[in-house]
J.: 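What follows is a single structure, and I will ask about it in a moment.
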Number of protein chains: 2
Amino acid sequence: MAEMAVAEGRAPRKQQQRSVQTQNKLLDAALEAFSENGFKGTSTRDIADRAGVHHPLITYHFKNKEELWRAAANRVFSKFSASLLEARIAADGQKPRERMASMMRAYVQYAAKNPALHKLMLQESSRESSRLEWLVTTHLQPLSEAVVKELKLLQESGIAPAGDPALLFNLLRATSGGILALATEIKATSGIDFDKPENVDALAEMIVGVFLPGSD
Amino acid sequence: MAEMAVAEGRAPRKQQQRSVQTQNKLLDAALEAFSENGFKGTSTRDIADRAGVHHPLITYHFKNKEELWRAAANRVFSKFSASLLEARIAADGQKPRERMASMMRAYVQYAAKNPALHKLMLQESSRESSRLEWLVTTHLQPLSEAVVKELKLLQESGIAPAGDPALLFNLLRATSGGILALATEIKATSGIDFDKPENVDALAEMIVGVFLPGSD
DNA sequence: TCAATAACTGTCCTTATTGGACCATTTATG
DNA sequence: CATAAATGGTCCAATAAGGACAGTTATTGA
């Protein structure tokens with residue numbers, strides 16, 4: 001983040017709005033670029049171009065490429081967690097099956113609007129790296145633990161399919177995100193356009209139906 | 001492929017075995033590299049290094065980077081189709097559900113041994129390109145059509161879940177391949193190691209159970 | 001209002017890497 | 001053993017890489 005020359009006792013001047021805007025533009029552009037071409041395959045100039053910003057501003061705002069990656073990943077994952085949590089809270093009074101279904105729909109809807117989320121994981125999953133390690137401990141493990149716990153309960157009630165709950169969780173995750181990461185190709189192969197909300201809804205319902213066959 | 005200076009009437013000399021070997025080494029290395037870093041993010045030198053071969057040999061054997069990509073993709077997809085077909089034939093006398101289950105298991109097993117198959121699709125799916133177009137028309141559409149046809153029948157028998165069969169096919173595909181494309185990350189997050197055959201088997205059974213709930 | 005500082009622009013540098021060309025050399029073939 | 005296939009070694013021109021830095025503009029807060 002932008003270093004400021006802090007004078008001794010003086011209160012530092014506050015961050016300007018235009019700064020926040022360019023940072024956000026850079027973060028969006030970075031996420032898009034990194035998810036398309038991976039960390040190594042993405043140049044800071046490409047990111048700056050997508051953001052419509054001069055490339056030295058990356059150094060200014062984020063120190064270097066690695067920090068920019070981390071900030072971009074943090075942003076999309078935080079929003080994602082918030083989105084899931086919101087769905088979870090909204091369905092708090094509901095029965096267990098409906099609670100989980102609500103989260104699954106939120107997952108699909110978020111992945112449809114932000115396919116970069118899953119693409120980023122796939123890019124980093126191609127090889128062990130410090131970035132993957134960070135992603136796992138910071139974002140994925142907490143998410144996994146929370147969802148697996150709920151899945152277990154659903155399995156005991158016969159609502160979710162039997163088997164290793166961790167495996168089931170990952171299956172679910174790969175399904176929701178994976179199909180949307182393939183959106184461009186699927187449109188070409190099968191003519192299904194996930195830009196159309198009705199197709200995303202159909203996908204969500206199919207996933208719910210397949211993974212939560214039991215009723216409560 | 002290696003051009004040869006064909007003298008008028010003379011029969012051209014046959015290809016040497018060592019040539020085939022280096023071509024295969026290059027194809028394997030290319031597939032690995034392209035699936036990890038995408039087309040743009042992969043250098044021909046990287047491929048040559050992985051193959052343990054001098055990089056000008058790429059030009060010699062494959063003309064250029066694009067042709068090498070195509071040859072590598074062709075190779076893995078052809079093997080894949082053959083593998084599916086084999087499973088299909090082996091289960092030819094079985095009931096419809098068991099036929100499909102057999103293909104699904106083959107899909108998972110192949111994807112586990114060749115995660116590059118799915119990673120390559122994901123890489124190319126990040127943006128429209130001539131390569132994606134080629135992949136779709138040459139390999140994906142034929143596969144899709146064949147499987148969708150069978151899925152429809154299973155849906156009519158109540159064995160497969162209802163809904164758009166094309167959507168179901170893609171769900172299935174994204175599930176099988178997608179989870180194995182995430183193998184490195186899943187091992188770190190959940191401790192599930194898909195290098196162990198028993199975990200791959202468990203995955204295959206879970207997929208069959210989830211997507212073919214009905215019995216015949 | 002006005003100095004201080006945050007934010008941004010323009011430019012340059014050095015280094016590495018890119019895909020591919022080219023000729024000499026080695027190896028297999030018929 | 002003559003010939004062609006296959007490979008090795010080297011070079012190149014282009015350019016793309018991450019980052020440094022001094023100067024300029026905009027905003028802030030007293």
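All chains are named by letter (A, B, ...) in the order of the sequence lines, taking the proteins before the strands, and each is independently numbered beginning at 1.
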J.: By nearest atom, which of the nucleotides C:dT29, D:dA6, C:dC8 is closest to the B:Ser19 side chain?
T.: D:dA6

J.: Does a side-chain N or O of A:Tyr60 approach OP1 or OP2 of C:dC8 to a distance below 4.0 Å, or not?
T.: no

J.: Tell me, yes or no, whether the heavy-atom count around A:Glu86 atom CD, taken from other residues, nucleotides or ligands under 6.0 Å, exceeds 12.
T.: no

J.: Under 6.0 Å from the ring centre and within 45 degrees of the ring axis: does the NZ or CZ of B:Lys79 meet both conditions for the six-membered ring of B:Tyr110?
T.: no

J.: Roughly how far apart, to the nearest Å, are D:dG18 and C:dG19 at atom P?
T.: 16 Å

J.: Which atom pair, heavy atoms only, marks the closest approach of A:Ile186 to B:Arg173?
T.: CG1-NH2, 3.7 Å

J.: Using a 3.5 Å cut-off and no angle test, enumerate the donor-acceptor pairs between side-chain atoms of residues 27-38 of chain A and protein atoms at least two apart in sequence or in another chain.
T.:
residue	atom	partner	partner atom	Å
A:Asp28	OD1	A:Arg75	NH1	2.5
A:Glu32	OE2	A:Arg50	NH1	2.7
A:Ser35	OG	A:Leu31	O	3.1
A:Ser35	OG	A:Glu32	O	2.9
A:Glu36	OE1	A:Arg50	NH2	3.2
A:Glu36	OE1	B:Arg127	NH2	2.7

J.: Between the side chains of A:Arg70 and A:Glu66, is the shortest nitrogen-to-carboxylate-oxygen separation below 4.0 Å, so that they form an ion pair?
T.: yes

J.: May I ask you to check whether over 12 heavy atoms, not counting those of B:Glu133, lie within 6.0 Å of atom CD?
T.: no

J.: When you measure from the side chain of B:Arg18, which nucleotide among D:dG19, C:dA7, C:dA28 comes out closest?
T.: C:dA28

J.: Ignoring backbone atoms, establish whether B:Gln23 has a side-chain N or O less than 4.0 Å from OP1 or OP2 of D:dA5.
T.: no

J.: Specify the separation, in whole Å, of atom CG of A:Asn24 and atom P of C:dA7.
T.: 13 Å

J.: Rounded to the nearest Å, what distance is computed from the CG atom of residue B:Asp46 to the P atom of nucleotide C:dA16?
T.: 18 Å

J.: When you check the phosphate oxygens OP1 and OP2 of D:dG18, does a side-chain N or O of A:Thr44 lie under 4.0 Å from one of them?
T.: yes

J.: In this structure, how many angstroms lie between the C1' atom of D:dG18 and the CG atom of A:Leu68, rounded?
T.: 13 Å

J.: Can you pull out the residues from residues 48-59 of chain B that lie within a 4.0 Å heavy-atom distance of DNA chain D?
T.: B:His54, B:Pro56, B:Leu57

J.: Rounding to a whole Å, what distance do you find between B:Asn64:CG and C:dT18:P?
T.: 16 Å

J.: Send over the distance from B:Arg45 CZ to D:dT10 P, rounded to a whole Å.
T.: 13 Å

J.: Would one find a side-chain N or O of B:Gln21 under 4.0 angstrom from OP1 or OP2 of D:dA6?
T.: no

J.: Given C:dT29, C:dC8, D:dT7, which nucleotide is nearest the side-chain atoms of B:Gln17?
T.: C:dT29

J.: Would you jot down, in residue-number order, the residues of residues 27-41 of chain B having a non-hydrogen atom under 4.0 Å from DNA chain C?
T.: none

J.: Of the non-hydrogen atoms in B:Pro161 and B:Phe211, which two are nearest, and what is the gap between them?
T.: CD-O, 3.0 Å

J.: Determine the minimum heavy-atom distance between A:Lys119 and A:Ala181, stating which atoms define it.
T.: CE-O, 3.6 Å

J.: Assess B:Lys65 against B:Phe39: is NZ or CZ under 6.0 Å from the centre of the six-membered ring, and within 45 degrees of the ring's axis?
T.: yes

J.: By nearest heavy atom, map B:Ser43 and A:Val20 onto DNA chain C; which one lands nearer the 5' end?
T.: A:Val20

J.: Evaluate the ring planes of B:His139 and B:Phe77, with Trp represented by its six-membered ring, and classify them as parallel (under 30°), tilted (30 to 60°) or perpendicular (over 60°).
T.: parallel

J.: Rounded to the nearest Å, what distance is computed from the CZ atom of residue A:Phe62 to the C1' atom of nucleotide D:dG19?
T.: 16 Å

